[in-house]
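Note that the coordinates shown come from a computational prediction; the quantities given were computed from them, not determined experimentally. Count residues from 1 along the sequence.
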Amino acid sequence: MQSLISVLLTEALPRVLMITVLIGVGVGLANLAVAYGLVDVIARVGRYLTEPANLPDEVGAAVLTNTVSVTAGYGMLAEFRESGLLDDRATLIAVVINTFFGFLQHIFTYYGPVLIPILGLHAGLMYVGARAGISLAISIVGLLAGAVLLRGYEYDSSAIEPETPDDEERTHREKLRHASAETLDRLRSIVPRLAIIYSLVFVALEYTDQLAAAFATVGLEEPATLIDPVAGLVGLPAAAVPVIVVSLVDPTMGAISVAPMIGDVLTPAQAVITLLVGSLFSLTVGTVKRSIPFQYGIWGSAFGTKVIVVNTGLKAVFIVVAILVFLVV
């Protein structure tokens with residue numbers, strides 16, 4: 001077991017630094033886009049998403065940024081919320097709409113180059129298609145929610161416009177200086193939360209053995225005791241249970257574990273169901289390890305909890321729907 005200092009320096013600190021940089025990029029882009037009027041240009045493309053959801057055009061820039069960096073996209077939304085352009089309801093709906101666009105970048109960085117070669121073309125495309133369908137369904141829910149819940153909303157775009165006298169135009173240096181100052185000010189409010197929460201989470205994860213011992217006292221000596229009934233319920237053979245257990249900790253290792261079974265022990269559809277069941281169970285691990293520190297760091301605990309509940313709930317619902325689709329088909 002690592003020492004407390006070692007955990008903080010090798011686990012928490014690198015993650016905090018990386019996310020701080022990405023958030024800084026997102027917030028900085030938001031401020032520069034406002035200063036140079038680029039929001040209006042980008043919004044013309046994103047308007048096809050924002051108009052049906054009754055969101056302001058500026059949100060389109062944040063949504064499209066998610067295809068490059070989810071963290072930067074969230075940083076832009078955080079800036080719009082902090083500035084007063086978006087209230088909590090509008091921000092939450094924008095976050096839900098972001099889901100599919102955040103998934104798109106993972107096709108090129110993870111699913112395409114990593115998972116499809118591991119699973120093979122048939123099972124790989126089936127699994128990626130299932131994940132894409134889940135993400136798209138969540139984004140569609142966000143669009144429908146905006147169409148209903150944000151009807152009649154009016155937004156004050158002047159909330160994010162830099163304050164300058166009517167007869168005075170900022171120079172390029174002044175615009176850059178103003179955007180930098182706004183970005184640093186926002187980071188000062190976000191980074192301390194990130195550091196504290198990530199430190200607490202990684203320290204807690206280091207002591208998971210004690211948590212496992214606590215489960216053992218109530219008869220849950222290993223995760224398989226929970227997973228086995230679920231695997232049987234969806235018609236998976238016993239060989240799928242270890243794969244689901246591995247997927248709880250590492251989805252890539254889960255894919256590596258299931259790949260040799262495809263065509264012999266499991267059909268491609270059963271392999272996909274196995275990975276989906278694993279991802280359903282791993283939502284808990286992912287929430288503790290990634291969602292809580294990230295969302296709390298950006299939004300604070302109150303609104304961050306709302307984002308986590310909505311995101312995790314929608315993912316769970318549509319993962320179950322995807323599993324049922326594969327069972328029926």
Side-chain angles (χ1 to χ4, degrees), residues 15 19 22-23 26 49-50 53 55 59-60 62-82 86-107 109-111 127-128 130-150 190 193-194 197-198 200-201 205 247-248 251 275-323:
R15 184 68 63 89
I19 292 179
L22 291 174
I23 292 175
L49 298 168
T50 57
L55 286 166
V59 172
V63 172
L64 295 177
T65 299
N66 271 264
T67 61
V68 180
S69 169
V70 173
T71 307
Y74 266 76
M76 294 183 76
L77 286 179
E79 176 66 14
F80 294 153
R81 177 173 176 265
E82 290 290 332
L86 302 175
D87 64 8
D88 284 0
R89 179 183 294 184
T91 304
L92 193 56
I93 288 173
V95 167
V96 173
I97 293 173
N98 276 343
T99 305
F100 179 70
F101 299 90
F103 173 82
L104 288 178
Q105 65 158 304
H106 294 304
I107 292 178
T109 61
Y110 177 64
Y111 289 105
Y127 183 67
V128 174
R131 301 298 308 195
I134 290 167
S135 298
L136 181 60
I138 293 172
S139 290
I140 290 173
V141 167
L143 288 170
L144 294 175
V148 175
L149 300 177
L150 300 181
I190 292 175
R193 294 199 300 260
L194 280 175
I197 296 169
Y198 265 108
L200 291 174
V201 168
L205 290 173
S247 297
L248 280 169
L275 294 177
L276 289 174
V277 172
S279 68
L280 185 62
F281 278 100
S282 68
L283 282 177
T284 302
V285 176
T287 297
V288 173
K289 192 173 182 179
R290 291 181 292 274
S291 294
I292 288 178
F294 178 68
Q295 304 293 359
Y296 278 25
I298 288 182
W299 311 110
S301 59
F303 187 68
T305 299
K306 295 179 183 178
V307 172
I308 291 169
V309 169
V310 170
N311 275 345
T312 304
L314 287 172
K315 285 178 183 177
V317 168
F318 284 107
I319 288 174
V320 171
V321 170
I323 292 171

Distance, nearest 0.5 Å, that separates [atom1] of [X] from [atom2] of [Y]:
X: Arg131; Y: Phe318; atom1: CZ; atom2: CZ; answer: 13.0 Å
X: Asn98; Y: Leu64; atom1: CG; atom2: CG; answer: 9.5 Å
X: Arg89; Y: Lys306; atom1: CZ; atom2: NZ; answer: 10.0 Å

Parallel, tilted or perpendicular: ring planes of His106 versus Tyr111, cut at 30 and 60 degrees: perpendicular
Residues Asp88, Arg81; criterion side chain to side chain contact (heavy atoms under 4.5 Å, CB included); working and verdict: CA-CA 7 Å; Asp88 284 0; Arg81 177 173 176 265; 2.9 Å; yes
Might you point out which heavy atoms bring [X] and [Y] nearest each other, and give the distance in Å?
X: Val59; Y: Ala94; result: CG1-CB, 3.9 Å
X: Gly73; Y: Asn66; result: CA-ND2, 3.6 Å
X: Val96; Y: Ile138; result: CG1-O, 3.2 Å
X: Ala322; Y: Leu276; result: CB-CD1, 4.1 Å
X: Ala62; Y: Phe80; result: CB-CE1, 4.3 Å
X: Gly60; Y: Thr50; result: N-CG2, 3.3 Å

If we only count heavy atoms from C-beta on, is the [X] to [Y] side-chain gap below 4.5 Å?
X: Val95; Y: Asn311; value: yes
X: Ile134; Y: Phe103; value: no
X: Leu275; Y: Ser247; value: yes
X: Leu55; Y: Val63; value: no

Qualifying residues under side chain to side chain contact (heavy atoms under 4.5 Å, CB included), relative to [X], sequence neighbours excluded:
X: Val320; result: Leu280, Leu324
X: Leu92; result: Phe303, Val307, Val310
X: Leu143; result: Ala53, Ile97

Test side chain to side chain contact (heavy atoms under 4.5 Å, CB included) applied to Phe101 and Thr65, step by step: CA-CA 8 Å; Phe101 299 90; Thr65 299; over 6 Å; no
Test item: Ser135 side-chain N/O and Ala132 main-chain N/O as donor-acceptor pair under 3.5 Å: no
Full working for side chain to side chain contact (heavy atoms under 4.5 Å, CB included) between Ser279 and Ile319: CA-CA 8 Å; Ser279 68; Ile319 288 174; 3.7 Å; yes
